[in-house]
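In what follows, a structure is listed as structure tokens, so that the remarks can point back to it.
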2 protein chains.
Amino acid sequence: MPAEHWTPPPVLLAVDLVIFTLRESVLHVLLVERGIAPFQGMPALPGGFLATGTEDIITAAHRELREEANLDATQLHLEQLGTYGTPGRDPRGRVVSVAYLAIAPRLPEPLAGTDAAQAAWTPVTDILSGRTRLAFDHEKILGDGLERARAKLEHTALATAFCAPTFTINDLQKVYEAVWGVELDPRNFYRKVQAVDDFIIPSGAERRAGRGRPARLFRSGTRTTLFPPLVRPIPTTAEAQG
Amino acid sequence: MPAEHWTPPPVLLAVDLVIFTLRESVLHVLLVERGIAPFQGMPALPGGFLATGTEDIITAAHRELREEANLDATQLHLEQLGTYGTPGRDPRGRVVSVAYLAIAPRLPEPLAGTDAAQAAWTPVTDILSGRTRLAFDHEKILGDGLERARAKLEHTALATAFCAPTFTINDLQKVYEAVWGVELDPRNFYRKVQAVDDFIIPSGAERRAGRGRPARLFRSGTRTTLFPPLVRPIPTTAEAQG
DNA sequence: TCAAAAGTGTTGTAACTACACCCATGA
DNA sequence: TCATGGGTGTAGTTACAACACTTTTGA
């Protein structure tokens, strides 16, 4: 181990954001097109370096979210996903990146930041299938974020955050199906979610959508952790959704 | 956002280690007594700065584990726990620490490193009860590590790593009870662990321990994720074990 | 023969899957 | 009246807690 007056090597600290939303019942992730080298022109997760030496890491995450997704992030569910610091992951030098996971209902169209030539919602399947490749190790980060989001749906009331203020049980089911990448039995789902105490509460109103019986509308309850949990089906073979 | 030739502020990157082991069926964590300021003389989690600008983070964690616990870490279960970077958490400057969780069977007595005046296994309850206070934000890190370890016992075959190469089902039960801080029904535990396919396999031998019927000895199977999981009892009130 | 620890059987319940079935609506 | 989606009933299954019970040993 180093002695007395040795000083440790400094690193550059960045944050990367995995921001999921649902559009037309399809899971999308926010990507930016890199405006500068390295990986110029390639899609990447939004993110950036700490702005000052005293900025908190999660504050930096919120700031990037605001800058790149045009979203006031203070009210948003944001959680640390992991830290990625393999030497050589960024050709500019030793960059260690703390990844955060953000999940939200239908978000506004993103706003391009200075480092982001262009920002867009991209279906997650595009990346999983290899059709879209990401800069740096961002495919790995996205994969970890997706797995975390899937697990969170099982044990938390997160799914309601994807929905409008009032929603039908079928709306909620579409959230689970989109994130998990599976099909669920609507009759069993109907009862399972209602069996969780204070997960969703009836608003009294109904929604008529063309033909078919009107669906009851619900709003989120106060419960945050689901008991019993909504266990996802065992991922048999390919887990790529759809 | 900063423009053109701005360079991001550097930070110092450290690793901290939450190393659990079991001694006499009591969960212990490895602590070092800080030999230098800040928090000189106070117990802390082992850890330290990156040695070089190109050292991988997990490599640094393994190195510190070897230096401070006198343990060849290459074979050890080690997983990233989280990153702690609140400004001001270290009075020396902007230090961001990546915490790792290590879990192992009965480990050798630790070896004091250069920065560690003294290293010792400490019962986790001593910290949870507030009897022992830790430097920096290490109590928070330890708490997160404990929660992670508890959750891992439910879904992975980690518990067998706490045991000797061959062990009885009661040995295994003591691991769960020590980490979870609860008492379990030995008859139900007996069958639950055996119901998991390839979790533990009989070695054929038995162990006689004073009075009572001899217990069959088992060794670890190849299974890493448990299905069905061994769900821990709902944490009712105080979660401090014992 | 008794205490102690290992191991087995059984009962009741919670949660679940699969699927048959009924209800309410718009075209 | 029929297709469509909302909602209910129910049978069979799995996992489990609780606890009575038998087995095998050392003292």
Side-chain angles (χ1 to χ4, degrees), chain A residues 24-25 153-155 163-164 166-177 180 182-219 223 225-236, chain B residues 25 153-155 163 166-177 180 182-219 223 225-236:
Chain A
E24 317 298 330
S25 297
L153 285 201
E154 294 189 300
H155 300 102
C163 297
T166 77
F167 51 88
T168 68
I169 290 187
N170 191 275
D171 291 341
L172 194 60
Q173 180 179 339
K174 283 180 188 161
V175 175
Y176 278 90
E177 292 182 329
W180 283 351
V182 296
E183 290 199 343
L184 302 172
D185 183 308
R187 295 98 92 196
N188 292 334
F189 185 84
Y190 181 89
R191 277 170 296 194
K192 266 167 91 162
V193 294
Q194 288 195 103
V196 181
D197 197 59
D198 202 30
F199 176 25
I200 57 174
I201 47 193
S203 75
E206 292 187 337
R207 178 196 293 169
R208 294 170 147 68
R211 56 207 170 285
R213 177 173 173 172
R216 281 189 287 167
L217 285 167
F218 294 80
R219 54 189 172 82
R223 172 155 303 247
T225 65
L226 305 187
F227 187 82
L230 271 68
V231 184
R232 58 183 146 162
I234 34 93
T236 43
Chain B
S25 298
L153 285 201
E154 294 189 300
H155 300 101
C163 298
T166 77
F167 51 88
T168 68
I169 290 186
N170 190 276
D171 291 340
L172 195 60
Q173 181 179 338
K174 283 179 188 161
V175 174
Y176 277 90
E177 292 182 328
W180 283 349
V182 296
E183 290 200 341
L184 302 172
D185 183 309
R187 296 98 93 195
N188 292 333
F189 185 84
Y190 180 88
R191 277 170 296 194
K192 266 168 91 163
V193 294
Q194 288 194 98
V196 181
D197 197 58
D198 203 29
F199 176 25
I200 58 174
I201 46 192
S203 74
E206 292 187 336
R207 177 196 293 169
R208 294 169 148 69
R211 56 205 170 288
R213 178 171 173 173
R216 281 187 287 166
L217 284 167
F218 294 80
R219 54 189 171 82
R223 173 157 302 249
T225 65
L226 304 187
F227 187 83
L230 271 69
V231 185
R232 57 183 146 162
I234 34 92
T236 45

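Atom set for the values below is all heavy atoms of this structure, side chains included, hydrogens, waters and symmetry mates excluded.
Residues from residues 198-217 of chain B lying near DNA chain C, meaning a heavy-atom separation below 4.0 Å, are R211(B), G212(B), R213(B), P214(B), A215(B), R216(B) in numerical order.
The residue N170(B) sits close only to the backbone: its heavy atoms come under 4.0 Å of sugar-phosphate atoms, none of a base. Here F189(B) lies out of heavy-atom contact (under 4.0 Å) with every strand.
Looking at Q194(A) and I169(A), their side chains come closer than 4.5 Å, going by heavy atoms from C-beta outward. Inter-residue side-chain proximity for V231(B) and E154(B) is flagged as met; some heavy-atom pair is nearer than 4.5 Å. Contact annotation: the side chain of R223(A) approaches that of V196(A) to within less than 4.5 Å [non-hydrogen atoms, C-beta and beyond].
Applying the ring-ring contact (aromatic ring centres under 6.0 Å, His included) criterion to Y190(A), with sequence neighbours excluded, gives no partner residue. Remark: D198(B) engages no residue in a salt bridge (charged side-chain N to carboxylate O under 4.0 Å, His left out) (not counting sequence neighbours).
Annotation: the span from N170(A) atom CG to F189(A) atom CZ amounts to 8.5 Å, rounded to 0.5 Å. Distance NZ/K192(B) to CG/D185(B): 9.5 Å, rounded to 0.5 Å. Atom CG of residue L153(B) and atom CD of residue E177(B) lie 12.0 Å apart, to the nearest 0.5 angstrom.
Minimum heavy-atom separation, F199(A) to V193(A): CD2-O, 3.7 Å. Residues L230(B) and W180(B) come closest through the heavy atom pair O-CH2, 3.1 Å.
Checking D185(B) against P229(B), the closest nucleotide of DNA chain D that is more toward the 5' end is the one next to P229(B).
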Check residues 200-209 of chain A and write down every donor-acceptor pair under 3.5 Å in which the side-chain atom is one partner and the other belongs to a residue at least two apart or another chain.
{"from": "S203(A)", "atom 1": "OG", "to": "A205(A)", "atom 2": "N", "distance (Å)": "3.4"}
{"from": "S203(A)", "atom 1": "OG", "to": "L217(A)", "atom 2": "O", "distance (Å)": "3.2"}
{"from": "R207(A)", "atom 1": "NH1", "to": "D171(A)", "atom 2": "OD1", "distance (Å)": "3.4"}
{"from": "R207(A)", "atom 1": "NH1", "to": "D171(A)", "atom 2": "OD2", "distance (Å)": "3.0"}
{"from": "R207(A)", "atom 1": "NH2", "to": "D171(A)", "atom 2": "OD2", "distance (Å)": "3.1"}

Where do N or O atoms of nucleotides 10-13 of chain D meet protein N or O atoms at under 3.5 Å, pair by pair?
{"from": "dT10(D)", "atom 1": "O4", "to": "R191(A)", "atom 2": "NH1", "distance (Å)": "3.3"}

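An OP1 or OP2 oxygen of dG6(D) is reached within less than 4.0 angstrom by no side-chain nitrogen or oxygen of Y190(A).
With rounding to whole Å, R187(B) atom CZ is found 14 Å from dT22(D) atom P.
Of all nucleotides in DNA chain C having an atom under 4.0 Å from a heavy atom of chain A, the first and last in 5' to 3' order are dA15(C) to dG26(C).
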